[in-house]
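Before any comments, here is the structure.
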Amino acid sequence: SAQPVGEFKSYLTEAPARFAIKTNILYDIAGLTPNLGIEIGLSRKMSLELMIGCYPFDGKGTDEENKKKNHLLIKPEIRYWLCERSNGHFFGVHPFFVNYNIGGYKVPLLFDKEFRYEGNAYGIGISYGYHWMLSKHWGLEFNVGVGFAYLDYEKFCHIKCSETEGDFS
């Protein structure tokens with residue numbers, strides 16, 4: 001049947017599913033971290049995303065290098081969509097939790113390569129994003145956010161020692 005010119009037809013009104021399964025490709029590639037997310041529709045303009053990223057593997061290198069970047073990230077996010085859920089612009093608020101054990105890597109403004117850091121990070125942030133619907137079942141999303149994190153960790157001598165350097169919060 002013919003449709004009037006200018007009428008917007010949403011994929012959401014045709015699709016029975018109210019959830020999406022996702023992955024963060026940059027996190028997959030740059031961090032080599034397997035991750036999985038699920039987004040559930042709460043209303044026409046609200047959704048809840050839960051993302052989990054985990055790097056459980058032992059680091060590479062010799063015993064002297066003992067590189068580690070083990071971590072577990074849990075990040076729920078409430079999203080408000082300006083048009084409709086999973087279409088167009090959105091704003092989000094997300095608390096997050098990270099359990100980490102990092103050594104032998106320089107993390108700018110946080111960790112030195114000479115030490116190993118084991119602890120937790122707790123935080124909250126805000127985000128802005130845009131979702132393009134490519135088809136009824138596929139989409140592409142870009143997202144940027146800022147936030148605040150509180151780090152609570154123990155600092156260890158990294159190479160050939162196991163003495164604790166101290167607790168830091």
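With a 4.5 Å cut-off on side-chain heavy atoms, Phe97 and Leu73 do not count as touching. A 4.5 Å side-chain heavy-atom check between Pro95 and Pro76 finds at least one atom pair inside the cut-off. Side-chain atoms of Ile40 and Arg18, non-hydrogen and from C-beta on, never get closer than 4.5 Å to each other. Asn99 places none of its side-chain heavy atoms less than 4.5 Å from the side chain of Glu118. Side-chain contact between Val98 and Leu151 is absent, with no heavy-atom pair separated by less than 4.5 Å.
Residue Ile21 is grouped with residue Ile52 when hydrophobic side chains (ILVMFWY) are merged at heavy-atom distances under 4.5 angstrom, including chains of intermediate members. When the side chains of ILVMFWY residues are joined at heavy-atom separations under 4.5 Å, either directly or via intervening members, Leu82 and Val93 end up in two distinct hydrophobic clusters. Cluster membership for Tyr80 and Phe90, using ILVMFWY side-chain heavy atoms within less than 4.5 angstrom, is not shared. Neither Trp81 nor Ile78 shares a network with the other; the hydrophobic side chains, linked directly or stepwise wherever heavy atoms of I, L, V, M, F, W or Y lie under 4.5 Å apart, form separate groups for each. Ile29 and Phe57 sit in two unconnected hydrophobic clusters of ILVMFWY residues. Membership requires side-chain heavy atoms under 4.5 Å apart, directly or through other members.
With hydrogens and angles disregarded, no donor-acceptor distance shorter than 3.5 Å links the side chain of Arg79 to the backbone of Glu49. Not one N or O on the side chain of Lys67 forms a donor-acceptor pair closer than 3.5 Å with the backbone of Tyr105. Panel note: side chain His131, backbone Gly129; no donor-acceptor pair is recorded below 3.5 Å.
Taken from CE in Met133 to CD in Glu84, the straight-line distance is 5.5 Å, to the nearest 0.5 Å. Atom SG of residue Cys54 and atom CD1 of residue Ile74 lie 9.0 Å apart, to the nearest 0.5 angstrom. Once rounded to the nearest 0.5 Å, the distance linking OG of Ser47 with NZ of Lys45 reads 12.5 Å.
Within 6.0 Å of the CD1 atom in Ile25, the count of heavy atoms belonging to other residues, nucleotides or ligands does not exceed 12.
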Practice prompt. Begin from the C-alpha positions of His71 and Thr33 and carry the test side-chain contact (heavy atoms from CB on, under 4.5 Å) through to its verdict.
Written response: CA-CA 9 Å; His71 66 278; Thr33 301; 3.4 Å; yes

Practice prompt. Kindly indicate, with the supporting measurements, whether the criterion salt bridge (charged side-chain N to carboxylate O under 4.0 Å, His left out) is fulfilled by Lys22 and Glu141.
Written response: CA-CA 10 Å; Lys22 314 165 115 179; Glu141 185 176 288; 3.2 Å; yes

Worksheet item: side-chain contact (heavy atoms from CB on, under 4.5 Å) between Ile102 and Lys68: does it pass, once the steps are laid out?
Response: CA-CA 5 Å; Ile102 299 172; Lys68 289 184 172 289; 5.9 Å; no

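Centroid-to-centroid, the aromatic rings of Tyr117 and Tyr153 come within less than 6.0 Å. For Phe111 and Tyr100, the ring centers are positioned less than 6.0 Å apart. Ring centroids of Phe142 and Trp132 are separated by less than 6.0 Å, placing the two rings close together.
Geometrically, Lys69 engages Tyr55 in a cation-pi contact, judged by NZ or CZ lying under 6.0 Å from the ring centre and within 45° of the ring axis.
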Contacts under 3.5 angstrom, residues 121-128 side chains, donor-acceptor by atom type, not counting sequence neighbours:
{"from": "Ser127", "atom 1": "OG", "to": "Glu77", "atom 2": "OE2", "distance (Å)": "2.4"}
{"from": "Tyr128", "atom 1": "OH", "to": "His89", "atom 2": "ND1", "distance (Å)": "2.4"}

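Glu154 has no carboxylate O lying under 4.0 Å from a charged side-chain N of Arg116, or vice versa, which leaves the two without a salt bridge.
Every residue two or more places apart in sequence or in another chain that forms a side-chain contact (heavy atoms from CB on, under 4.5 Å) with Asn24 is listed here: Leu26, Tyr27, Asn35.
Residue Ala149 comes nearest to Phe96 through the heavy atom pair CB-CZ, 3.8 Å, listed as atom of the first residue, atom of the second, then distance.
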